[in-house]
Amino acid sequence: MEIVSKNNTAVNTYALEVKFGADEFEAALNAVYNRQKSKISVPGFRKGKAPRKVIESHYGANVFYEDAVDYLYKSNMNKLLEEFGMEVVDVQNSEITEVSKENGVTLKTEFITKPEVEISEYKGLKVKKVVKTVSDEDIDKEINSMREKVARLITVEDRAVNEGDTAVIDFEGFVDGVAFDNGKGEKFPLEIGSHTFIPGFEEQVIGKNIGEEFDVNVTFPEDYQEASLKGKPAVFKCKLHEIKAKEMPELNDDFVKDVSEKDTVDELKAEIRENLEKRNAEESENETDSALMDVLLANMKAEIPNAMYENHIDDLIRDWSARTRISVQDYLKYTGTTAVQFRANFEQSAKRQVQMRLALEKIAAIENFEITQEEIDKEIAELAEQYKMDAEKVRQAIPEKTIIDDLKIEKAIDLVKDCAIVEEVTE
């Protein structure tokens with residue numbers, strides 16, 4: 001293999017011309033033949049027993065060319081990257097310019113490389129940490145939420161619909177005077193304030209009385225799932241059949257015993273306060289960390305290739321699919337979402353994560369962090385426990401370099417946080 005030329009064609013982009021000699025191509029053809037011959041039938045020979053020359057004579061001299069070129073490319077990629085001498089994040093626009101037994105194979109390809117990163121400052125970054133206190137109102141809100149969960153619905157006949165009621169209605173939707181598909185329902189229980197219907201619909205049910213027939217005028221959102229209804233004004237013909245209101249249980253010790261492991265109202269309130277304080281502390285810590293990363297990224301300069309963002313979006317989508325156990329194809333099919341719209345959901349997270357990783361890698365390089373074997377073994381043990389796997393299987397599944405790189409990132413994060421100047425502000 002020979003690198004014929006290497007040219008910097010754009011920022012973080014290099015065009016390479018690579019040549020594989022005739023001997024290398026012949027070896028690749030033989031490798032492909034030996035791998036495929038058991039599947040090839042030729043008249044006069046038992047399946048898998050036909051010589052290569054006979055197969056090439058019967059099916060064409062170039063029958064193995066495409067797979068041999070692919071074999072050459074893939075089997076030499078790691079060596080090619082090493083000889084290239086730069087950290088590659090993507091390979092694009094590969095093109096075969098010559099294939100022959102006499103001259104071998106010549107191909108052109110583009111390598112996208114990691115960008116050069118500059119960080120002006122990463123120690124002593126200043127951020128504010130918002131310390132959130134827990135009020136009596138916060139506790140009452142949590143208790144009311146618990147009461148609502150066990151509330152029962154009772155029929156109301158002596159008043160109009162209020163916020164929080166469940167209105168049992170018939171409805172049928174029309175656009176330009178024509179009823180549209182899936183726009184009709186009978187005796188549908190609509191909780192007012194749940195925001196399950198088109199924006200503006202539920203508010204127009206408030207104040208209506210049992211037996212009343214009325215129109216609800218709304219406009220479908222521009223991002224509505226059904227394309228034919230996007231942004232369209234609509235009229236829903238409605239009739240109110242019933243009004244149901246929530247009857248909340250009384251807040252007393254009996255209620256507390258029913259919904260918790262505590263015995264008294266005071267004990268429940270104390271537990272809720274403790275939980276809210278813990279939650280607030282975690283939220284405050286996470287928000288502070290995020291603000292710290294914002295400051296760090298503002299101090300970073302790098303021309304990041306779009307390929308890095310796109311590749312990370314691919315990673316996030318694979319993680320999403322594994323976590324939800326839903327294929328992307330099925331999700332697009334059942335939601336009517338396009339692939340472009342779906343990928344857009346991950347774009348912001350991908351960009352931030354890529355930028356943060358680059359910044360932290362630069363800090364790790366500046367600080368020249370060293371990772372001990374003890375630290376590697378500890379990380380593998382923790383991963384094994386987390387994923388309920390044997391430690392040796394984790395070691396085989398994850399390259400040691402990946403673990404080392406991740407541990408360096410953790411050290412960079414700890415350094416930035418430990419050196420930060422944090423001003424606490426009470427909210």
Side-chain angles (χ1 to χ4, degrees), residues 10-13 70 74 77 87-94 109-115 117 173 175 180-185 190-191 194-202 218-234 283 286-287 289-291 293-294 296-298 300 302-361 383 386-387 397-398 402 405-406 409:
V11 177
N12 305 312
T13 304
D70 187 60
K74 290 179 179 177
M77 179 55 69
E87 192 166 1
V88 174
V89 297
D90 201 22
V91 181
Q92 299 179 348
N93 302 322
S94 296
T109 190
E110 280 187 351
F111 283 173
I112 311 299
T113 63
K114 264 191 177 179
V117 177
V175 170
F180 52 85
D181 292 340
N182 302 316
K184 185 176 182 179
L190 174 62
E191 182 179 349
S194 63
H195 306 296
T196 53
F197 270 29
I198 303 162
F201 189 106
E202 294 169 24
V218 293
T219 299
F220 282 97
E222 292 294 341
D223 59 353
Y224 193 68
Q225 180 178 322
E226 174 54 52
S228 64
L229 298 176
K230 290 181 178 180
K232 294 287 184 68
E283 288 180 355
N286 291 335
E287 289 169 3
D289 289 348
S290 180
M293 288 301 109
D294 287 342
L296 176 64
L297 293 181
M300 180 185 79
E303 294 191 52
I304 303 173
N306 192 58
M308 292 190 73
Y309 295 138
E310 293 299 321
N311 290 343
H312 196 55
I313 289 175
D314 292 338
D315 293 339
L316 293 179
I317 289 175
R318 278 191 292 271
D319 290 344
W320 172 89
S321 187
R323 188 173 63 255
T324 61
R325 298 183 181 181
I326 302 173
S327 72
V328 174
Q329 292 76 12
D330 284 345
Y331 179 84
L332 298 182
K333 176 182 176 181
Y334 293 120
T335 62
T337 306
T338 67
V340 172
Q341 290 170 332
F342 181 67
R343 288 181 69 83
N345 295 326
F346 301 88
E347 187 174 323
Q348 188 173 353
S349 295
K351 284 189 174 182
R352 182 173 175 81
Q353 289 173 21
V354 167
Q355 291 166 3
M356 285 173 54
R357 181 85 184 189
L358 287 171
L360 294 167
E361 284 177 346
L383 289 170
Q386 179 182 349
Y387 294 106
I398 305 177
T402 299
D405 290 343
D406 288 345
I409 292 296

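Predicted model, so just to flag it, every value in this text is computed and none were measured. All values below come from the heavy atoms of this structure, side chains included, with hydrogens, waters and symmetry mates left out.
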Side chain to side chain, [X] and [Y], heavy atoms closer than 4.5 Å:
X    : Y    : value
L190 : F201 : yes
R357 : H312 : no
M293 : Q355 : no
E283 : N286 : no
N182 : F180 : no
R352 : D294 : yes
P199 : V218 : no

So how far is it from [X] [atom1] to [Y] [atom2], rounded to the nearest 0.5 Å?
X    : Y    : atom1 : atom2 : result
L229 : I198 : CG    : CD1   : 8.0 Å
T219 : Y224 : OG1   : OH    : 13.0 Å
K232 : F220 : NZ    : CZ    : 10.0 Å
T196 : E191 : OG1   : CD    : 8.0 Å
I317 : R343 : CD1   : CZ    : 4.5 Å
I304 : I112 : CD1   : CD1   : 14.0 Å

What closest approach, in Å, do [X] and [Y] show between heavy atoms, and which atom pair accounts for it?
X    : Y    : value
E222 : G231 : OE2-CA, 3.5 Å
L297 : A359 : CD2-CB, 4.2 Å
E110 : N93  : OE1-ND2, 2.9 Å

Are any of the side-chain nitrogens in [X] or [Y] under 4.0 Å away from the carboxylate oxygens of its partner?
X    : Y    : value
R318 : D315 : yes
K74  : D70  : yes
R325 : D330 : no

Task: L316/Q353 under side-chain contact (heavy atoms from CB on, under 4.5 Å): CA gap, chis, key distance, verdict - done: CA-CA 10 Å; L316 293 179; Q353 289 173 21; 3.6 Å; yes
Task: Cation-pi geometry met for K351 and Y309 (6.0 Å, 45°) - done: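 Pair K351/Y309 counts as cation-pi.
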Open item on the list: Just checking K230: does its NZ atom have more than 12 heavy atoms from other residues, nucleotides or ligands closer to it than 6.0 angstrom?
Closed with: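 More than 12 within 6.0 Å, yes.
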Open item on the list: Atom CD of residue position Q386 - does it have more than 12 heavy atoms of other residues, nucleotides or ligands inside 6.0 Å?
Closed with: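 Above 12, so yes.
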Task: Side-chain donor or acceptor of E202 paired with backbone N/O of S194 under 3.5 Å - done: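 Checked: pair present.
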Open item on the list: Determine whether a donor-acceptor pair (N or O, by modelled atom type, separation under 3.5 Å) exists between the side chain of S321 and the backbone of I326.
Closed with: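 Side chain of S321 to backbone of I326: a pair is present.
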Open item on the list: Check the orientation of W320 and F346. Use parallel for under 30°, tilted for 30 to 60°, and perpendicular for over 60°.
Closed with: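 Answer is perpendicular, since the angle exceeds 60°.
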TODO: Give the C-alpha distance, both sets of side-chain angles, the deciding distance and a yes or no for side-chain contact (heavy atoms from CB on, under 4.5 Å) between D90 and M308.
DONE: CA-CA 8 Å; D90 201 22; M308 292 190 73; over 6 Å; no
